[in-house]
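Written out below as C-alpha cells is the structure these notes cover.
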Amino acid sequence: MRSIVDEKSRILVQGITGNEGKFHTEAMLSFGTKVVAGVTPGKGGQEVHGVPVFDTVSQAVSEKGANTSIVFVPARFAPKAVNEAIEAGIETIVVITELIPQKDSIEFIAMAEKKGVIIVGPNTPGIINVPQKAKVGIMPNHIFKPGIVGIASRSGTLTYEIAWHISNAGLGQSTCVGIGGDAIVGLDFVKLLQMFRDDKETKGVVLVGEVGGKAEELAAHYIKETNYPKSVVAYIAGRSAPPEKRMGHAGAIVMGNVGTAQSKIDAFAVAGVPVAQKLSDITKLLNL
Amino acid sequence: MKLFEFESKKILQKYGIAIPRGHVATNPDQAETIAKELGRPVVLKSQVLVSGRGKAGGILFADNAAEARRIASNLIGSTIKGSVVDSLLVEEKLDIQQQFYASVTIDRQSRRYIVLASSSGGVDIEEVARATPDKVLRHWIDPEVGFGEETATEMVRRISDVDKGAVSKFTSLIVTLHKVTMEYDAELVELNPLARTRTGELVAADARMIIDDNALFRHPEFEGRSQQRIEDTAREAEARRYNLSYVDLSGDIGIIGNGAGLVMATMDLVHHFGGRAANFLDIGGGAQTETIKRGLMTVMSKPEVRAVLVNILGGITRCDVVAEGIVQGLVEAEIKKPIAVRLMGTNEEEGARILRRAGIHVYPDMETAAREVLRL
C-alpha cells in the first residue's frame, strides 16, 4: 500500500545493534525490504548485516534518504527515539516496542499528528506489503504469500494465523498491518480502512479485533456510513474473556460496559460485516 | 495497578485536596479507637480493589465507637465481591450538602487525557452520561497545551448548580487532579462523590486511582506493591515473578500460547467446542525453554486443570525450544495432566520430533487440537 510502505520505502532501524534489531534487520533484508540505515547513539560507523549505523536519525535521513523507521528501542528510551525520528522528518514510524507508558505514547502521537507523521503501534508486529516485498516488522516471512486480502489487526500471532489460512486458501495477502495491542495506538482501524479503500491490490479486508476499547465499533460505524466498497470480514478475540482482566495485551480489557466482545459483534452486524466464529471461517466469509 | 482508597487519598492530601479525617484499621480494636478519637459518627469502608463495594455491603456507618467495633469485626475477614477484606478505612461521616463528580482519565479513541466533571456525584457516572449527557462536562486535553486554570474555570462555570463560592475551589481542584494524573502516570484519578460540606469545603469523600503498569519504573514508591499486587491471585502473582502473562479463569482446560491474541482465540475456540478455559498464559515472542517450562508447571499446578492445550505459531518463537520446554516442564511437574500441542512455524519438524519422542500428541492446526484436548 503506497500510503504506508511500498517498494519505495527506505527503512531505518532504530536500535539496530540490539539483539532484536539485528535479528529482524536480517529478516527484513531477506524478505527484500530496502533497509538503508540503522541508528544507535554512540555506535555510528559500525555495520549490521551490511547496513550502515549512524549516531542520529538526521544523519541517516540526510546520508541515506531514510523515510520510514522501525523502532526496537527499549520502552524507557523509545519515546525519545520516536520524537527524534519525527523531528528528523521521517514520514512513517513503526513502533515495535511494548510496555511504553501511555502518557509517553499520547505525547508522541500528538506530536506526530501535528507534523503529519504516521505512527504505527506501539506494541505492533509492524507492516508487511507482500506483493511489493516491503516488510517493516517482525512477522515470519514464510507465512505470507502475495495476493489480494488486506489484514488490519490488534494482534501479532493472530495475524500470522489468519494470514496462514488466507495463504492456504490461495488468496494471499496485499498489505497486513498490526495496529498494536496497547490502549493508545497511532494508526487505527478507521484510517487503515480508508487506506485499503484506495489500494488497488486489496480486494477484501480482514479486521482482527479483540476485547477492550471501541476501535471496532468505530470501524463498523465507518463501514456503514461510507457504504464501504470492499468485502470486510471481522474476527473478535476474547469473546470468552472475563471483565476487568487484562488479557495479555495492555489494551485487551473490558472496563464496565465498555469494550465487550458483544458490543463489537453487534456493531458489525449493524454494518453488515460478517463476524467469524472461528479463524477457519474467515476465508469462507470473504466475498471476493 | 489499582491503588486502595486510603493510598489514593494520601496522595491527594499531599497535593492539598481535603479528605475526611480518619485512619486505617486492621482489627476491631483499632476501629473502635479511631472512632473514639474522631468522636462522632463514622463510616467504615472496606479496602478492597473491586468496584461497587458499597452496594455489596462493604461500606457501613456507625454512630459510636462500640458500634464501629461491632461492624469492624463483621467486615474484617469477610469477602466483598470475591476480595477478602484485610483492612478498613474508618473516617468521620461527612455532613454532605451536595455531591459532585470529578475525574481525569485516558480516552483511548481520541488518544487524549480527558477531564470529567458533573454535579451528579455519588452515582454511576456512565449511567448519568447515558441518561443525561449534558450533565457531564468533558474536556479533552491537547498534550502540547496542557490543562490550566482558565480552561478549568470555563468548565466549572458550565456545571449546573455549583454555587459561586465553590467555583474557584472546584476549579483549582480539577487542575490539581490533572497534575496528580501526570505526576503519577495515572490512568484514572476519580473523586466520586466529591462532597460539598455545610462549611462550604470540597472534600474527596471517595477516591480511586489506577497507575499505568508500564510507568511503574518511574514510581519506585510502589515497588513492594508492584511485585505482589493485591488484585492478583496467588498464582498470577507467582507467574508475574517469572515475567509470564498469566490470568486465572474459571474453567478446567489450561491454555498456553504465544501472543495475546492467539491465546484469546484459543480460549474462545475451547469455549466454542463446549469447554471452559482454566487459565490464560501468553509465553510472548521468542520464549526460551525455561519460560515454557515454568509456564507449563504454573498452569498444571492449578488443581482445577484437567488437561492442557498448547498452541504455538512460531515466528520469532522456535518450536524446538518450545518442545524442549514442554518436555522439561512435564518431567518437573509434580502432577502430570494430559496435554495436546499444536505446533506450527519456525523449526516445527524438530519440535514435533522432540514431543513425539516424549509421547505427546502434536496437531498441525488449532481446531483439531482444541477438539482433541476436550476428549483427553
Side-chain angles (χ1 to χ4, degrees), chain A residues 20 23 75-76 99-107 109-111 114 125 138-140 142-143 153-161 164 181 183-186 188 208 210-215 218 235 237-242 244-252 256-258 277-280, chain B residues 50-51 106 108-109 111-113 124 126 141-144 181-182 185-187 212-218 231 245-251 257-265 267-272 276-277 280-282 284-286 311-317 344-346 365-367:
Chain A
E20 274 201 69
F23 180 86
R76 287 182 198 210
L99 307 176
I100 294 179
Q102 295 179 66
K103 187 168 86 176
D104 301 352
S105 295
I106 287 172
E107 283 168 4
I109 289 169
M111 186 172 160
K114 283 199 179 138
I138 59 172
M139 44 289 262
H142 65 278
I143 288 170
S153 171
R154 283 172 66 182
S155 152
T157 6
L158 205 44
T159 304
Y160 316 156
E161 182 79 38
W164 178 74
I184 302 294
V185 292
D188 61 19
V208 188
E210 61 191 30
V211 288
K214 290 187 217 158
L218 294 175
Y235 176 83
R239 280 170 297 150
S240 59
E244 307 269 325
K245 289 267 192 184
R246 255 180 233 281
M247 305 305 290
H249 281 155
N257 302 320
V258 179
Q277 289 269 319
K278 309 198 289 327
L279 298 172
S280 58
Chain B
V50 294
S51 50
I106 292 173
R108 292 170 65 152
Q109 266 52 60
R111 306 162 183 88
R112 292 278 189 274
Y113 286 92
D124 181 1
E126 281 176 35
I141 301 169
D142 179 337
E144 286 181 23
T181 307
M182 293 298 119
D185 280 288
E187 289 176 18
D212 181 355
D213 288 347
N214 292 348
L216 286 172
F217 68 87
R218 291 203 275 247
E231 58 199 301
S245 177
Y246 175 92
V247 180
D248 264 320
L249 302 167
S250 56
N258 61 323
L262 187 66
V263 186
M264 275 192 269
M267 181 178 99
D268 291 344
L269 196 58
V270 166
H271 278 239
H272 184 79
R276 289 287 173 268
F280 166 107
L281 174 66
D282 173 14
N311 185 13
I312 302 294
L313 201 174
I316 320 166
T317 307
M344 195 178 88
T346 312
D365 71 281
M366 61 189 268
E367 275 184 39

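Naming convention: chains lettered A, B, ... in sequence-line order (proteins, then strands); numbering from 1 in each chain.
- Within the 4.5 angstrom heavy-atom criterion, no atom of A:Val208 approaches chain B.
- The two atoms that bring A:Ala215 and B:Gln109 nearest to each other are N-NE2, 3.3 Å, heavy atoms only.
- Most heavy-atom pairs under 4.5 Å with chain A: of the set B:Arg112, B:Glu231, B:Glu367, B:Arg276, this distinction falls to B:Glu367.
- In this structure, the portion of B:Met344 lying under 4.5 Å from any heavy atom of chain A is its side chain and not its backbone.
- Of the listed residues A:Val258, A:Ile143, A:Asn257, the one with more heavy-atom pairs under 4.5 angstrom with chain B than any other is A:Asn257.
- Both the backbone and the side chain of A:Lys214 have a heavy atom closer than 4.5 Å to some heavy atom of chain B.
- Using a 4.0 Å cut-off between charged nitrogen and carboxylate oxygen, B:Arg108 and A:Asp188 do not count as a salt-bridge pair.
- Summarising the geometry, atom CE belonging to B:Met267 is positioned 4.0 Å from atom CE belonging to A:Met247; distances are rounded to the nearest 0.5 Å.
- Here B:Leu313 is the residue among B:Leu313, B:Val50, B:Asp282, B:Leu281 with the most heavy-atom pairs under 4.5 Å with chain A.
- Only the side chain of B:Leu249 has a heavy atom closer than 4.5 Å to any heavy atom of chain A.
- To the nearest 0.5 Å, the span separating OG1 on B:Thr181 from NZ on A:Lys103 amounts to 9.5 Å.
- Within the 4.5 angstrom heavy-atom criterion, atoms from both the backbone and the side chain of A:Leu99 approach chain B.
- Looking at B:Glu187, only its side chain comes within 4.5 Å of chain A, counting heavy atoms on both sides.
- When heavy atoms are compared at a cutoff of 4.5 Å, B:Asp185 approaches chain A solely by way of its side chain, counted from C-beta outward.
- Here the shortest heavy-atom pairing between B:Ile106 and A:Gln102 reads CD1-OE1, 3.4 Å.
- Neither the backbone nor the side chain of A:Ala75 comes within contact range of chain B, judged by heavy atoms closer than 4.5 Å.
- How far NE2 of B:His271 is from CD of A:Gln277: 13.0 Å, rounded to the nearest 0.5 Å.
- Contact detail for A:Ser155 and B:Leu262: the closest heavy-atom pair is OG-N, 4.1 Å.
- Between B:Pro143 and A:Glu107, the closest heavy-atom pair is CB-CG, 4.2 Å.
- At a 4.5 Å heavy-atom cutoff, A:Met139 makes no contact with chain B through either its backbone or its side chain.
- Both the backbone and the side chain of A:Ile106 come within contact range of chain B, judged by heavy atoms closer than 4.5 Å.
- Options A:Ala250, A:Pro140, A:Gly213 differ in how many heavy-atom pairs under 4.5 Å they form with chain B, and the most are formed by A:Gly213.
- Using modelled atom types, no side-chain atom of B:Arg111 and backbone atom of A:Ala110 make a donor-acceptor pair closer than 3.5 Å.
- B:Ser245 and A:Gly248 get closest at one heavy-atom pair: OG-CA, 3.3 Å.
- If you tally non-hydrogen atom pairs under 4.5 Å between each of B:Gly315, B:Gly345, B:Gly261, B:Ala215 and chain A, the highest count goes to B:Gly261.
- Checked against A:Pro101 for a side chain to side chain contact (heavy atoms under 4.5 Å, CB included), the options B:Asp212, B:Asp213, B:Leu216 give a single hit: B:Asp212.
- When each of A:Ser153, A:Gly212, A:Gly156 is checked for heavy-atom pairs under 4.5 Å with chain B, A:Gly212 comes out on top.
- Options A:Leu279, A:Ile100, A:Thr159, A:Ile109 differ in how many heavy-atom pairs under 4.5 Å they form with chain B, and the most are formed by A:Ile100.
- Highest contact tally toward chain B, considering only A:Gly251, A:Gly181, A:Pro242, A:Ala241, is held by A:Gly251 [criterion: heavy-atom pairs under 4.5 Å].
- The greatest number of non-hydrogen atom pairs below 4.5 Å with chain B, out of A:Ala183, A:Ser105, A:Ala237, is found for A:Ala183.
- Contacts of A:Arg154 with chain B are made by side-chain atoms alone, with heavy-atom separations under 4.5 Å and no backbone atom involved.
- For B:Arg218, the part sitting under 4.5 Å from any heavy atom of chain A is the side chain, from C-beta outward, and nothing else.
- A:Lys278 places no side-chain N or O within 3.5 Å of a backbone atom of B:Leu269 that could act as its donor or acceptor partner.
- The contact between A:Glu210 and chain B is made entirely by side chain atoms (from C-beta outward), counting heavy-atom distances below 4.5 Å.
- Residues B:Asn258 and A:Thr157 approach most closely at O-OG1, 2.8 Å, considering heavy atoms.
- Residue B:Asp365 holds its CG atom at 8.5 Å from CD of A:Glu161, rounded to the nearest 0.5 Å.
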